Amino acid sequence: MSETESRPTNFIRQIIDTDLAQGKHTSVQTRFPPEPNGYLHIGHAKAICLNFGIAQDYDGLCNLRFDDTNPEKEDIDYVHAIEKDVHWLGYEWAGDVHYSSDYFDQLHGYAVELIEKGLAYVCFLNGEQTREYRGTLKEPGKNSPYRDTSVEENLALFEKMRNGEFKEGECSLRAKIDMASSFMCMRDPIIYRVKFAHHHQTGDKWCIYPMYDFTHCISDAIEGITHSLCSLEFQDNRRLYDWVIDNISIKTQPRQYEFSRLNLEYTVMSKRKLNSLVEENLVSGWDDPRMPTIAAFRRRGYTPASIREFAKRIGVTKMDNTVEMSVLEACIREDLNDNAPRAMAVLDPIKVVIENFDQDKVETLNVKNHPSDESQGTREVPFTRELYIEAEDFREEANKKYKRLVLGKEVRLRGAYVIKAERFETDDQGKVTTVYCSYDPETLGKNPADGRKVKGVIHWVSASEALDAEVRLYDRLFTVPNPGAADDFHSVMNDESLIVIEHAKVEPYLVNAKPEAAFQFERQGYFCLDNQDSVEGKLVFNRTVGLRDTWAKIEAK
RNA sequence: UGGGGUAUAGCCAAGCGGUAAGGCAGCGGGUUUUGAUCCCGUCAUUCCAAGGUUCAAAUCCUUGUACCCCAGCCA
């Protein structure tokens with residue numbers, strides 16, 4: 001696709017422009033810093049495109065850094081999944097992957113430095129007491145009784161913490177700042193806690209782990225990050241970020257800027273809710289095509305370019321926002337309209353018998369793979385006496401607005417002939433099973449010579465040559481735009497978010513389909529082969545997104 | 001009067017004292033062997049509200065209002 005050529009403009013890029021113009025920086029260094037405790041979702045994609053996009057446009061660098069300071073919640077599997085997602089989106093990080101845990105020795109050193117400066121102390125208040133001492137939003141906290149322990153003793157105590165001489169929760173290292181600060185995070189925040197946990201990178205080397213606020217700013221400084229971009233909820237934390245940097249002997253001064261997270265209509269983005277969808281088997285897994293995860297979008301048939309374009313279109317601001325699904329859908333349709341080869345598939349088949357076509361003949365038709373892009377070539381599509389068409393494409397009678405096959409009238413078979421419905425058969429329930437037609441052999445690749453107008457065009461496949469395929473039609477997971485606001489999201493789940501069509505009929509050329517590669521099934525939408533369940537002998541297609549359907553609107557009126 | 005943030009169309013979003021970009025969605029029309037695509041047209045006399053400054057205000061000032069975030073040894 002042709003991604004919008006113009007460079008995005010947003011308040012962060014304006015800050016960078018100013019910094020560069022004023023000589024505050026000569027180059028730009030950003031980072032994408034996920035905690036490896038889950039799968040990336042479309043909201044992370046926004047952050048990835050922001051950070052890597054800025055690095056690209058400013059000839060700078062963007063690091064991939066795993067913010068792995070809480071081993072209990074993290075797993076090496078997530079780091080691999082995240083690396084894959086970032087690469088899939090089309091980005092390359094600078095040098096090796098970084099980990100906050102790479103800096104545990106240095107972090108420890110800076111903690112000791114704070115203690116030596118009288119700016120940190122070991123506190124033996126338990127969790128409950130710590131909370132009580134912290135005060136409330138409107139009332140100041142009070143000083144910990146351990147706040148005035150001598151530097152020497154704190155040094156010894158911290159050493160004992162490090163050596164595993166205290167139990168988890170027994171004590172913590174706290175920065176000595178201001179228990180009356182209006183910023184809750186400045187009320188002597190805990191910067192190290194005891195955890196006898198095995199770490200996926202550092203093994204059992206440590207039994208104390210640094211907290212986010214202490215770690216992140218120092219990691220940024222160590223890596224020479226110039227602009228540290230994070231989401232809005234860290235605005236208060238910026239005061240602590242700056243306090244730490246200002247009070248340790250480190251030369252670089254990274255700056256933190258905050259932007260708003262992405263919210264998407266009809267889905268949820270919180271890790272907790274996504275996790276329960278998986279845990280409760282409400283979806284098949286983290287990559288269930290209905291999920292908002294990167295892995296799910298990949299499996300569903302979204303392209304990296306479409307996600308990047310989406311990130312560009314939604315912009316970057318500090319405003320709370322909830323983007324409509326239609327923006328995402330427009331991005332993938334735009335890409336796939338240009339790039340997806342066309343094919344024909346019949347999802348709800350009824351038989352058509354062309355009575356004046358030879359019984360055993362298989363005519364090979366050459367059909368264009370793309371209506372306007374000649375470079376995509378043609379393919380061979382077999383035409384036979386018996387075909388399948390979509391059940392909804394035939395009616396015994398209909399008004400002039402219905403441009404499909406009607407008894408006694410003509411319609412064009414896409415890429416083939418004009419046919420006329422002569423009679424039909426139904427089953428016991430009255431459902432049409434077979435339509436007997438005649439075809440006009442003079443209409444292949446041209447209109448009827450006598451000037452008859454045939455305005456309808458329908459898709460079809462050869463009954464004998466078509467392949468069986470399972471087709472999965474996905475829809476939004478929830479019935480309301482903001483399911484996150486519901487008391488119980490279970491009550492607003494869309495029970496028709498997945499419709500499985502077991503026996504769809506697809507044209508034979510689709511046997512060559514590759515996982516995740518898109519096709520447009522003409523008149524229906526964009527589909528790709530499922531990357532998990534499609535195996536030799538069993539084709540499984542996922543609907544990425546339907547075509548715009550103005551007929552549905554007309555019909556609804 | 002705890003603090004930190006944000007208010008521009010249905011949804012995103014430009015705008016940075018000189019008279020409201022763009023995208024998505026919608027609506028109307030044209031082309032079309034996909035009811036797709038494509039093309040054309042249309043869509044904020046007004047920027048949360050009310051005052052004020054100014055020749056000129058979405059932009060500056062004042063006072064309000066609404067919404068989001070902060071009291072994890074999570075990130």
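Quick caveat, the model's predicted, so the values are computed rather than measured. Throughout, a chain's letter reflects where its sequence line sits, starting with A, and its residues are numbered from 1.
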query: Taking the C1' atom of each, how far is B:G30 from B:A13, in whole Å?
result: 31 Å
- prompt: When you match A:C185 and A:R333 each to their closest nucleotide on RNA chain B, which lands nearer the 5' end?
  reply: A:R333
query: So, is A:R174 near the phosphate of B:G72, with a side-chain N or O under 4.0 Å from OP1 or OP2?
result: no
message: Distance check, C1' atoms only: B:U42 and B:U1, in whole angstrom units.
response: 49 Å
query: Distance between the C1' atoms of B:U32 and B:U37, in whole angstroms?
result: 9 Å
- prompt: Any stacking of A:Y212 on B:A75, going by centres under 5.5 angstrom and planes within less than 30 degrees?
  reply: no
message: Whether A:R239 contacts B:G5 is assessed here as follows: a side-chain N or O lying under 4.0 Å from the phosphate OP1 or OP2. Is that the case?
response: yes
query: What do you reckon, are the aromatic ring centroids of A:F527 and A:F541 less than 6.0 Å apart?
result: no
task: For nucleotides B:C67 and B:C61, find the distance between their P atoms and express it as a whole number of Å.
output: 25 Å
- request: Sticking with atom P, work out how far B:C47 lies from B:A20, rounded to a whole angstrom.
  value: 12 Å
statement: Partner of B:U65 under the Watson-Crick or G-U wobble criteria, both distances under 3.5 Å, comes out as B:A7
- line: From the list A:Y209, A:Y110, A:F158, ring-ring contact (aromatic ring centres under 6.0 Å, His included) with A:Y192 holds only for A:F158
- prompt: Is the NZ or CZ atom of A:R379 both under 6.0 Å from the centre of the six-membered ring of A:Y509 and within 45° of that ring's axis?
  reply: yes
message: Regarding A:N126, tell me which of base, sugar-phosphate or nothing describes its non-hydrogen contacts under 4.0 Å with the strands shown.
response: base
